[in-house]
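Below: the structure, in structure tokens.
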Amino acid sequence: MITGPALLLALLEGSVGAAVLALTALGLSLVFGVMRVINIAHGEFVMLGAVVAWWCSADLLGAHPLLGFLVALAVAPLIVGAIALAADWLVLRRISYDPERTIVATMGLLYIIQQGVLMSYGPDARPLDPPIYFRVQFPGFGYSGYKLIVAGLALLLLAATWLLLARTRIGLYMRATRLDSETAQAFGVPVKRVYAIVFALGAMLAALSGVLIAPIRGAHYLMGADPLLLSFIVVIVGGLGNLRGTLLAAACIGIGEGMISVLFSPTLSKIIATLLVAAVLVVRPGGLARGATP
Amino acid sequence: MLELRKITGAYGPVKAVDEVSLSVAAGEILGLMGRNGAGKTTLLKTIMGLVPKRTGSLLLEGEELIGLPAHAIPRRGIAYVPQGRRLFSELTVAENLRMGLLVKDAPQAEAERVLDLFPILRERLSQAAGTLSGGEQQMVAVARALCAQPKVLLLDEPSEGLIPAVTHRILDTVAALRERGVAILLVEQQVKSALRICDRIALIENGTIQHEAPARDLAADPVPLERYIGVHR
């Protein structure tokens, strides 16, 4: 029988997962929405963020884990964003952002990053100390304070991204390019530069989610597969390129996935999420939030 | 103001515009007419740099624009009202106008000046552009281009799909831009409207200019119109 505390615990786990998933999926959705690029390497940007967090952890800097975490929060998005910019410049731009060829290209990028990390970092899954350790007492159980901070930071980063899109010139350019790149060019938008910025921004969001989850799940060179799969599910369910739909779907799938994982099994949650995608593709191919303004 | 010398625009091996030479002076309206597929829209896109391969010479007040990336052309002073309006449908009217203002970092006062031409849009500023009526959308498309403070305005069939009264109003507003010294290149299918507001008309077929004459001459002798666009006014 499922008790009240177990349900609350499952809900908390789900909410933390949903906030991080929303951050990861928003990056993927932005890249698809604006550039029409299906970025198979997106999960590797999450992994890179986690690996950078490990490098910056206390063992390396010899300082308090909080300092390593803060350094990682600042450094990981810069490193990963620079890698994404290089990939855009060296590969995507040269194949004219062709939707089919970019699938193959980003698949290649996935293997390059993964094998590069395997060679330099090794095959072991490495744990990280939480930067802050305290417990928040709920009725019947205590819950990791760090996980609550993760959810809060993820929401803060989502709000910052939303503000960037809604209130700034580059945000307006991104939204206009997403709607009609040719007309955007006719109004002075340097579309290729916007693509590069969007690809880097998507990678930076993924890297930040990698830093946030590293103290919970550790860092491992194969850890990108899971966030990639879940992000794709979220982006398809929310409607390809629909940012509002992405956030809505991330909340539903993240909370659902977390609750089923805690109450039943993680495998069951993946099966249900995959079935949900199949059902959405059959019933509402445009996504659940079809027609909503992103 | 704007001078095209042997401009060619091609999609791969296909030349949609072939060695077109034209000029539009400040305060002048040049009409461009032809059958469907004659190359009218491609010519405008070639001027805007939106066609992948373009050759020839395109001079704006003596400055060569061929070779510039597409996004640099609006800043030089050429604004474009595309066929079918192509508003950023999910952006608000205000954001669509801002896209025009940002071309030259014009102040909000410029948008106010433009809105004086289309006062109805003041009530629609916070509405998504895609939810407006066809006539209002066309007004936004023209207003967005005017916010870019153009020296040259390219209009691609602004009357398409509109009722005559709205068409009349929009074209009258366009005609009034003459007094501001704007050079206008107008693609128009409606012969009566074109003859009414254009100073000169060029007839295009298979991507090349076949005939060019003052509008009043074509009004008096419509044989070229019948020959190249198949209609009598």
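Just so we're on the same page: letters track the sequence lines, and every chain starts at 1.
Closest non-hydrogen pair, B:A148 versus B:A79, comes out as CB-CB, 4.4 Å.
Proximity to chain A (any heavy atom under 4.5 Å) is shown, for B:L50, by both the backbone and the side chain. Within the 4.5 angstrom heavy-atom criterion, no atom of B:A72 approaches chain A.
Among the candidates B:R75, B:K104, B:E95, B:M48, the residue making the largest number of heavy-atom pairs closer than 4.5 Å to chain A is B:E95.
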Apply the test side-chain contact (heavy atoms from CB on, under 4.5 Å) to residues A:L201 and A:L164: give CA-CA distance (whole Å), side-chain angles for both, the deciding distance (0.1 Å), then the verdict.
CA-CA 11 Å; A:L201 177 65; A:L164 175 87; 3.7 Å; yes

Would A:I233 and A:L229 count as a side-chain contact (heavy atoms from CB on, under 4.5 Å) here? Give the steps.
CA-CA 6 Å; A:I233 290 171; A:L229 174 69; 4.1 Å; yes

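Both the sub-6.0 Å distance and the 45° axial angle are not jointly satisfied by A:R193 relative to the ring of A:Y173.
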